[in-house]
Amino acid sequence: MSSITLNRVTKRFDQFTALENLSLDILEGEFVALLGPSGCGKTTTMNMIAGLDEPSEGGIYFDGESLSGIPLQDRNIGFVFQNYAIFTHLSVYKNLAYGLEVRRLPKSEIERRVRAMADRMDLGKDLDRPATSLSVNELQKLAIGRSAVVEPRVFLLDEPLSSLDAGFRAYMRAELKVLQQEFGQTMIYVTHDQIEAMSLADKIAVIDKGRLMQYGSPLAVYDDPANRFVANFVGSPRINLVDGELRDEAGRRSLVLNGGGMIPLSGGVDADFARGAAVHGGSIGIRPQDIYFGDRRADDDIRLTGTVESLERVGPRRLAYIRMQEARFLAVDDRDELSVREEVAFHLVANKCMAFNLKTGERLRANS
Amino acid sequence: MVRPSPGALALKYALILFACAIVAYPLLWMVTMAFKPYPEWTTGTGMTWFPKNPTLQNFEFIFFGHAKGAVVSLDRTIVGPLIASIVTSVCGTALAVVAGTLSSYAVVRYGILSGLPLQVLQLRLFPPLAVMIPIMVMWAFLGAGDTWWGLSLIYGIVTLPFAFWLMKTFFEEVPIEIEDAARVSGCSHWRVFYRITLPIVAPGLATCALFVFIMNWSDYLLALMLTQKNWMTLPVYMSTLTSAMGGQMYGVKSALGLIAAIPPVVFGLLIQKHLVRGLTFGALKQ
Amino acid sequence: MHAIEIKGAQKSFPGFTLGPLDLAVRRGEVFGIFGPPSAGKTSVLRLILGLLPQDKGAVLVGGADAASMEASERDMSMVFQNLALFPHMSGRENIVFPLVERNVPEDEIAVRLDAVSEVLHVSHILHKKPAQMSGGERQRIALGRALVVDSRAILLDEPISALDARLREEMRVELKRLQRTKNQTFVYVSHDEEEVMAISDRVAVMIDGQIAQIGEPDEIYNRPGTLGVAKVVGSPPMNLFEGRFSSDGRYFECEDFAVPYPLVREALKGKVATVGIRPEDIREDDAAASHEIALRSIEPLGGYTIVNAVLGHRLVKIRASGRVTSVDRYGRRVTFDPRHLHVFDGEGSRCDG
Amino acid sequence: MTDIISTRVADVSGDEAMDGKAPLRRGYWSAVARDGRRLGKWFVAPTVILLLFIVVFPLAMQLYLSFTWWTPLDGVRWYRAFESFNAGDNYARLAVDSALWSAIWRTLVIMVFAVPAQFLLGLGLAYLFVDQFPGRKFFYSVLLTPMMIVPAVVGLMFFLVFQGTGPFNHTFGLPASFTWLTDVHRAMLSVIIADTWQWTPLMFLILLSGMLAVPPDQLLAARLLGGSSWQNFRKIILPRMKPVIAIALVLRSVECFKIFDLNFVMTKGGPGVETETVSLYLYKKTFADLDWAYVGAIGLVILFVLSAIAASGLAFASKKAKG
C-alpha cells in the first residue's frame, strides 16, 4: 500500500468550484474519513483520487509520484461503492476473481487467493451461489473482498454502511476497523455520518463547501473544533450554539443574545473573547454534557435560568430542551429530576465553552 | 470519463463518418433529383450529383398538375393524397392513443382485463396482411371502402396494441404514492386520473401520438387495399404515378418522396429518447 | 373515543402476511410505528387510509367502521416517504390541493395557506415547482399539504429520513412543536429508532408484519417484551447470550460464561433461555462474579466510547461513559448491572415477571 | 398569523371538522368516478369493443370463410358461404401450393441475409457509441434517420439508385447496361441492401440501449479492478445483453418476414417472381385472382406462426431482462 498526498487540489465544473485548494497528507496504513454534508465536495475528492475525474489545479501523489495521466485501471485502487456495484450476472466466486482474471494470473493462484479471501469474509460457503442471492450484509462483505483480493495500493469507500440496518451497521463498523488493521491498508472513507467517522477513522478531514475545515484525530476535532462549522457538525447530540453581540461594560464582558437574554462571560471563555478585541459579533458553543443543574461546581461557571421545553428520555439518552427567551439549550439530565414547563437554573462549565467569531466562524483561543 | 487514445478516437470517427456517408448516399440522390429539371433526370448528359440548374419545376408540377417545361399534365395533383394522408393518420392516431391510454391506465391501476383479453393485445406484431380478407369484406359491407373514416378506423385498430403497451410503460413509471396523495386529499378516481396522472404522463402521451402518427403515415399496404381513388394516401399516389404516365418521372417522384419523408423524420427526431421503449414495445426502457 | 382503531386487521401478500393487528391511536397523541425495513409499517398506514383493503378485521375511524368510506372520505392526510408532491404543480397548488378538492371557499384557502406557509417558512418558494426545490424545501411543502386541512389525523411515513443528519434533527424538533401547538394526532412511521423514540408519545414495534410490543418509548427500551424487540431496539444493539437455566433455576449457564451467572429471581428450571445486557449496562469491574474479556477495538465518540471486546467467543459491545483513548486503557474484567438484565425463554418472550 | 390555525383547530376536534364539507353529488357518474373498478371497466370498454368488433370477429369470419370456396365474384353474401363448404380443402391446397412455398423460400432467403447483416453492423456501430465522445448526439441522430423514412419512399430511393444510369453503377465504375432491379439474382440483393440500409439503425438502437443498460457502477467497478475496455465489454456487457439480442433478432425477423413495401415499389416482385415474397404473393392472390377464401386460410396459418414466435421471443427477453 502507499501514502497519499493531496497538494492544493482544486476542481471547477465551469463556474461552480466543487473543491478549493485541498491539501492532505495521508500516511501509509492510515484510516482517514472525509466528513461533510452532502454536496460538500468529499465525493469529488474521492473520484479524483480514483481517477474518475482530473483536478483543475494541484496534484495527487501516491508515495510521492504524481497520478496525473495515469488511467483509471492502472492506478490499482480498491473502490467500494455505496450500492456495492456487485456484478449481478456473475456468481460470488466470479465476482471475487474478476480483478485477478483481468490480470491474467494463473488459474491455480486465482483459486487460492479467492478461497482465502472468501473464508476471511466468511463467504466460503456461498462461492457458487449467484451474487444476487446474498443478503445486504453479505453483499457488503463481497464488495470489500472483491477489491481487497487484488491487494490495491489504496482503498476508497463511498458511504458503504448507509444502506445497512442500524443493528448490523454497528457490527459492521467494528468489523471494518479490524479488517483495516489486519490488512494494514491505507483507507479513505467518505461519509456524512459523524458517528461513523469518529468511530472508524484515525484522522478526520471535515469538509464544507469545497474547503477543508479541519484535519485531525476524532477527539481533537471533537474537543477542539477549528471553527463554528466543525463544532456544529461533529458530535452527537449536537452542540449548543448561541449567537449575539459582545458587550464590555467596565471590564465586565457579556454576550447579548440576538433574541434577547444575556450571558455574562467568565473564566476561559471570557479570556478567549478578550483576546479577539476587534470582534463584536460572537458565538458560544457548549456541549450538552458540559451543562449541569443544581448548585455551582466551579466559581467561574456561568449561571443561567430558563424553562424546560421538552424532554427526551430513551435508554442512555437523558436530554432536556431548555428555552431562554429565543435561545434554546440542549442539556444532559441523567438524574431525571426535570419536568416540562418547570423554571430551572443551569450552569455552563466556563472553560468548556468555545468562543467563535460570528462573522468568520473562526475559533477564538486565549493561548494560541 | 476515460479518454481513449488518440489513435482509437481517429479510427472511431473514420468508421462513424463512413456509416454516415452510406446513410446519406441514397438520400442525397433523391433530394438532389427533386430539384433537377427534366433533361437531367437521366444521366444521358453525364452523371452529376448536384443539379446544374436547380429548379422548383417538379414541385410546381405535382402541386398544380402542370408546369412550363413539362410535356404532359397530371389528372390528379398531390393535394388530395396529402390531405388524405394527414386526415387518416391524425384520426387513426387519435383513436389508438385515446383507447390505448384509457385501457392501459385501467390495466395498470385497477388490474382489469387480465388473462385472455390481455393476450389479444399481445398481438403487437399484428401482421395486417394476414387478416385483410375479413377487413375488406366488412369494409365493403359497411360501405367504408375508399372513405376517410374507413382508413382511419383500420389505422386506429392496427396501432392500438402498440399505443396500449407504450402508454402502459409510462403509467407504470408514475409512482403510486402520488395518486394515493391525491385520493387522500379528497379526489375521486376520475379526478385523480384527469388532474394528476394525465398531466404527469403528458410527455409520454405526446411521444405515443407521434410514434403512432409515423406508423400510420408510413403505411402503404392498408391504404393500397382499402382505398381506390378519392382517399388515396401519399405512398399509394406515388406508385400510381409511374404506371399512369409510362415514362419514369424521376424528378417528380423524388419531389413527392421528399415531401412524404419529411414529417416522420422530423417527428422521429423529436421522440428520439423514447425510440427504444417504443420499438421494443416497452420490453426495454432506455 | 380513539381517533383511529384497528381491530384484528389482517392482509396476506404473496410470501408475507400482515397482522392480525390491534392498535388504538388516541386523539392529540403521536403514535409511533417502529421496525426494521419491510416489516409492513407502510402497509399499516395504507390500511388506515383505505388505500389497502384488509382481508379480515376492521379499521375504525372516529369510532365508526371505515369499510364503507373511500380513501377520500376518511378525512386524513399523509406525508409519504418519497413526499409524493405533484410534479406538475407549484408549491402553492400542492399545498392547497386538498382544500380545492373539498371545494373550500377561496378566502378561507388564502387564510390557511398564509398561516401554514408562515409556520413552515415556505412563503418564498410557493411559486416554484418541486423539481426546483431542495430536499428540505420539498419536505416542508409536503408537510404544508398535510397540515393545511383540518384532518382527523396526519400519517407520516419516514418523512425526514431523506434529509441530512443536521436538518433531520431540526425538523424533528419542529414536527414535535407543530404537533404540540395544534394538538394534532400524528401516526409516525420510521425505521430510525432515535427519531421515533424522540417524537412519539407511544410506540408500536413491528417485526415481520406483526406488532411485537406497544408502549412508552422508555418502557420499550428498558423492558423489551420479546427477544425480537430487544434485538431491534437500541443502537449499538443489546448483547445476547444463549444458554440454559440450571436445574434448580437459580443460575444461568452459557458456554461464554466461565462460571454460571447467579440470578436475582427464581427462573424456569433447566429450560433453554437467552440473557441480554445493553452496552451501557456493562461496567469495568473485577469483582467475584465478573467475566473475563479480550479487547478488540474502541470507537471514541466524544461524549462516550464504544469498546468492542470478546467475551467467551462472542463479540460484545460496551458503552463506557467518558474517554477511553486506547485499547489497553480498559480493564480485563467486567460485570453486568443486575437491575438491567433481560431474560427471555426459549420462545423469546420476556420471563423475569 | 400562526394562531389562526391553532385556535381554529384546538376547539374543533377532528370529527366535528367533517361537517364543514360540501354535500357529495350523488348520481350514477359521480358514483362511477368514485369506484375504481367500475371506472376501470368504462376505461377499458372502447378498447374491448374495438378488439372484439375488428379483431376477434374478423378472425372468426376468416376461419369460417377458409373452409369454403367463397369468392367476392359469385354474388353470394359472405354469410351464406357455407353453401360452398369444402372441409379444409384450402388447407390441403395450401400444403402443396408450390408458388406459395417458393414465395416463403424467397422471404426466408431475404431474412437469412438481411437480419444477421443488420445485427452485426448494428452491434459494431453500437460498440462505437458506448463511450461518450464529442459529437455523439449529432451522429446518433444522423444514423437513426433511415428507419424513420416512409418505407415506400426508401423503395423509391433505391429504385432510383439502382437504375442502370443511376449513381451506384457510376460510383463502382459499372457500365450503364449493368442491370440490378431486372437481373434474376441482383434484384434480390438490391432488396436486401435496401432493407439493411433502412433497418440497421433499429438494431444499432436496441443493441446500444442494451449496452448502456449495464448499471454504470458495475462498469466502473470492472474498470477500477483493472479491466481493459475490451475485457469489460466481453465479460460484463456482452453476457448481460442476451435478452436484448433476443428482442432485436425476434423483432427484426418477424418484421422482415412481412416485407412488402420495398420489393413492391422497387421490383413489383419481378423480374418474373424472383423477388415475390409471401406478402406480395398474398396481395396478388387477393387482387389478381380474388381467391379470398384461400388467402384467408394462408393468413390464419401465418398469423398463428408469427404471433407464437414473437410472443415467446419477447417473453423470453423480458423475463431475462428482469432477471
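For D:Phe304, the CZ atom sits in a loose shell: 12 or fewer heavy atoms of surrounding residues, nucleotides or ligands are nearer than 6.0 Å.
With chain D as partner, the option from B:Ser104, B:Ala106, B:Gly268, B:Ser188 having the largest number of non-hydrogen pairs under 4.5 angstrom is B:Ser188. Considering only heavy-atom pairs separated by less than 4.5 Å from chain D, the leading option among B:Leu27, B:Leu15, B:Thr101 is B:Leu27.
A donor and an acceptor atom, one from each side chain of B:Tyr237 and B:Ser85, are nowhere located under 3.5 Å apart. B:Tyr250 and D:Gln163 form a side-chain donor-acceptor contact under 3.5 Å, judged by distance and modelled atom types alone.
Although no hydrogens or angles enter the test, the distance criterion places no donor-acceptor pair under 3.5 Å between the side chain of D:Asp291 and the main chain of D:Lys285.
Only the side chain of B:Tyr105 comes within contact range of chain D, with at least one heavy atom under 4.5 Å from a heavy atom of that chain. When heavy atoms are compared at a cutoff of 4.5 Å, D:Leu156 approaches chain B solely by way of its side chain, counted from C-beta outward. The contact between D:Leu144 and chain B is made entirely by side chain atoms (from C-beta outward), counting heavy-atom distances below 4.5 Å. Within the 4.5 angstrom heavy-atom criterion, no atom of B:Phe267 approaches chain D. If you measure heavy-atom distances from B:Leu17 to chain D, the contacts under 4.5 Å come from the side chain alone. Heavy atoms closer than 4.5 Å to chain B are found nowhere in D:Pro216, neither backbone nor side chain. The part of D:Leu125 that comes within reach of chain B is its side chain, from C-beta onward, which places non-hydrogen atoms under 4.5 angstrom from that chain.
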